[in-house]
Amino acid sequence: MDWKSGNDAILEFAELIREKKANAYTGELKVGVDLGTANIVIAVVDENNRPIAGATQGASVVRDGIVVDYLGASQIVRKLKGEVEGILGVDLTYAKAATAIPPGILAGNTKIISNVVDSADFVVTNVVDEPTAAATVLGIQNGAVVDVGGGTTGISILKDGEVIFTADEATGGTHMSLVLAGFHHISFEEAEELKKNESQKKIFPIIKPVVQKMASIVNRFVIGYDVDVIYVVGGACVFNDFEKIFEDETGIKTIKPVEPLLVTPLGIAFNCQR
Ligand SMILES: Nc1ncnc2c1ncn2[C@@H]1O[C@H](COP(=O)(O)OP(=O)(O)OP(=O)(O)O)[C@@H](O)[C@H]1O
Ligand SMILES: [Mg+2]
């Protein structure tokens with residue numbers, strides 16, 4: 001799969017979520033559960049990785065791969081599972097599922113993430129790195145995938161289809177909102193709303209230094225690797241000029257797929273082992 005056909009799958013998945021509908025399918029389903037800092041997403045695909053259904057909810061029960069509210073996280077996954085079951089008309093109890101972690105997280109924290117998904121009566125068959133999950137959807141053989149989510153900038157570098165390096169560092173959409181909050185003397189929550197609803201023309205100049213910081217993180221990680229293209233995903237890269245700043249700072253061609261918020265969750269489902 002190349003990144004263009006990846007885009008088709010992402011668009012299809014986005015439409016399923018938006019319209020709360022399911023595609024017809026045969027065979028076993030694969031589930032992906034993304035426990036993000038800002039959003040929790042369940043993605044369901046068929047054996048051929050065609051998107052079948054999905055559901056999402058904003059939440060702050062996990063922070064950068066660390067579960068800060070176990071019960072809350074478990075309840076949201078259960079609720080989203082119920083929603084997807086309703087849309088599909090199928091019971092997903094003990095369905096096989098994959099989940100994901102930011103690169104470099106400690107084994108104990110990985111276990112807790114996996115336990116949350118388990119507690120919603122899924123059977124966890126794989127725990128994958130977030131940017132690696134995104135790379136699967138984009139069908140990338142070479143280059144870097146950078147996932148800028150709520151809390152962190154994560155990177156996977158691929159060579160000939162193999163992930164040869166992963167890393168993760170603080171700085172995500174949350175930091176953009178903190179900068180906006182400081183600039184306008186408003187609360188973090190107000191800044192989150194402003195960031196998403198005000199015109200990018202007004203927001204972007206203020207949060208641009210955060211994007212430059214993200215690019216400088218990437219610059220440090222790609223040293224010594226042969227990276228010709230950077231693919232950016234995650235909710236913090238939705239700004240139109242995001243790629244341009246990345247290109248200016250890194251000197252590397254930067255590509256953003258459609259619906260960057262949904263790439264990693266879909267890729268987690270792709271990585272569900274049967
Ligand atoms: N329309 C938008 N404009 C600007 N920022 C947005 C928009 N939509 C979402 N975001 C930001 O994207 C971030 C969430 O992205 P994403 O869902 O990829 O993160 P996450 O997976 O929950 O977090 P992480 O991967 O860091 O644990 C939040 O900071 C949110 O404010
Ligand atoms: Mg994420």
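Just follow the structure's listing: the first ligand is 1, and inside any ligand the first atom is 1.
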Query raised in the report: Can you find an N/O atom of Thr37 closer than 3.5 Å to an N/O atom of ligand 1?
Result: yes
Query raised in the report: Do Asn142 and Asp228 touch side chain to side chain, with heavy atoms closer than 4.5 Å?
Result: no
Query raised in the report: Between atom CD1 of Ile140 and atom NZ of Lys159, what is the distance when rounded to the nearest 0.5 Å?
Result: 15.5 Å
**Report entry** Candidates Val33, Val117, Ile17, Leu92 - the one meeting side-chain contact (heavy atoms from CB on, under 4.5 Å) with Ile42
**Finding:** Val33
Report summary line: A student comparing Arg63, Lys196, Glu130, Glu192 should find that the heavy atom closest to atom 9 (C) of ligand 1 comes from Lys196
Report summary line: Atoms of ligand 1 under 4.0 Å from any heavy atom of Gly234, numbered from 1 in the order shown, are 18 (O)
Query raised in the report: Would you say Leu261 has any N or O atom under 3.5 Å from an N or O of ligand 1, going by distance alone?
Result: no
Query - Separation between CG of Asp129 and CD1 of Ile155, rounded to the nearest 0.5 Å - result: 12.0 Å
**Report entry** Distance-only donor-acceptor check, side chains Asp64 and Thr37, under 3.5 Å
**Finding:** yes
Report task. Check whether any side-chain heavy atom of Ile207 sits under 4.5 Å from a side-chain heavy atom of Lys195, and report yes or no. Result -> no
Query raised in the report: What are the atoms of ligand 1, with element, lying closer than 4.0 Å to any heavy atom of Phe239?
Result: 4 (C)
Requested in this report: Return the residue, atom name and 0.1 Å-rounded distance of the protein heavy atom closest to atom 18 (O) of ligand 1.
Outcome: Gly235 N, 2.9 Å
Report task. Check step by step if side-chain hydrogen bond (donor to acceptor under 3.5 Å, both in side chains) holds for Lys96 and Asn126. Result -> CA-CA 9 Å; Lys96 291 182 179 131; Asn126 196 10; over 6 Å; no
Query - More than 12 heavy atoms from other groups under 6.0 Å of CD on Glu19 - result: yes
Query raised in the report: What residue and heavy atom of the protein are closest to atom 21 (O) of ligand 1, and at what distance?
Result: Gly36 CA, 3.6 Å
Query - Heavy atoms of other groups near Arg78 CZ, more than 12 under 6.0 Å - result: yes
**Report entry** Interfacing atoms of ligand 1 (cut-off 4.0 Å, heavy-atom, Thr152)
**Finding:** 26 (O)
Report summary line: Judged by heavy atoms only, the candidate from Val238, Ile203, Val263 nearest atom 4 (C) of ligand 1 is Val238
Query raised in the report: What protein heavy atom sits nearest atom 17 (O) of ligand 1, and how far off is it?
Result: Asn39 ND2, 2.8 Å
Query raised in the report: Considering distance alone, does some N or O of Ala38 sit under 3.5 Å from an N or O of ligand 1?
Result: yes
Requested in this report: Check whether any N or O atom of Leu35, backbone or side chain, sits under 3.5 Å from an N or O atom of ligand 1, and answer yes or no.
Outcome: no
**Report entry** Connected via hydrophobic side-chain network under 4.5 Å: Val148 and Phe165
**Finding:** yes
**Report entry** Element-labelled atoms of ligand 1 that are located less than 4.0 Å from some non-hydrogen atom of Ala236
**Finding:** 12 (O)
Query raised in the report: N/O of Gly151 under 3.5 Å from N/O of ligand 1, yes or no?
Result: yes
Query raised in the report: Atoms of ligand 1 less than 4.0 Å from Thr174 heavy atoms?
Result: 29 (O)
Query raised in the report: Which residue supplies the protein heavy atom nearest to atom 5 (N) of ligand 1, what is that atom called, and how far is it?
Result: Lys195 CE, 3.5 Å
Query - Min side-chain heavy-atom separation Val211-Phe239 under 4.5 Å - result: no
**Report entry** Heteroatom proximity flag, Asp64 to ligand 1, N/O under 3.5 Å
**Finding:** no
Report task. Note the single closest protein heavy atom to atom 19 (O) of ligand 1, along with its residue, its atom name and the distance in Å. Result -> Gly150 N, 3.1 Å
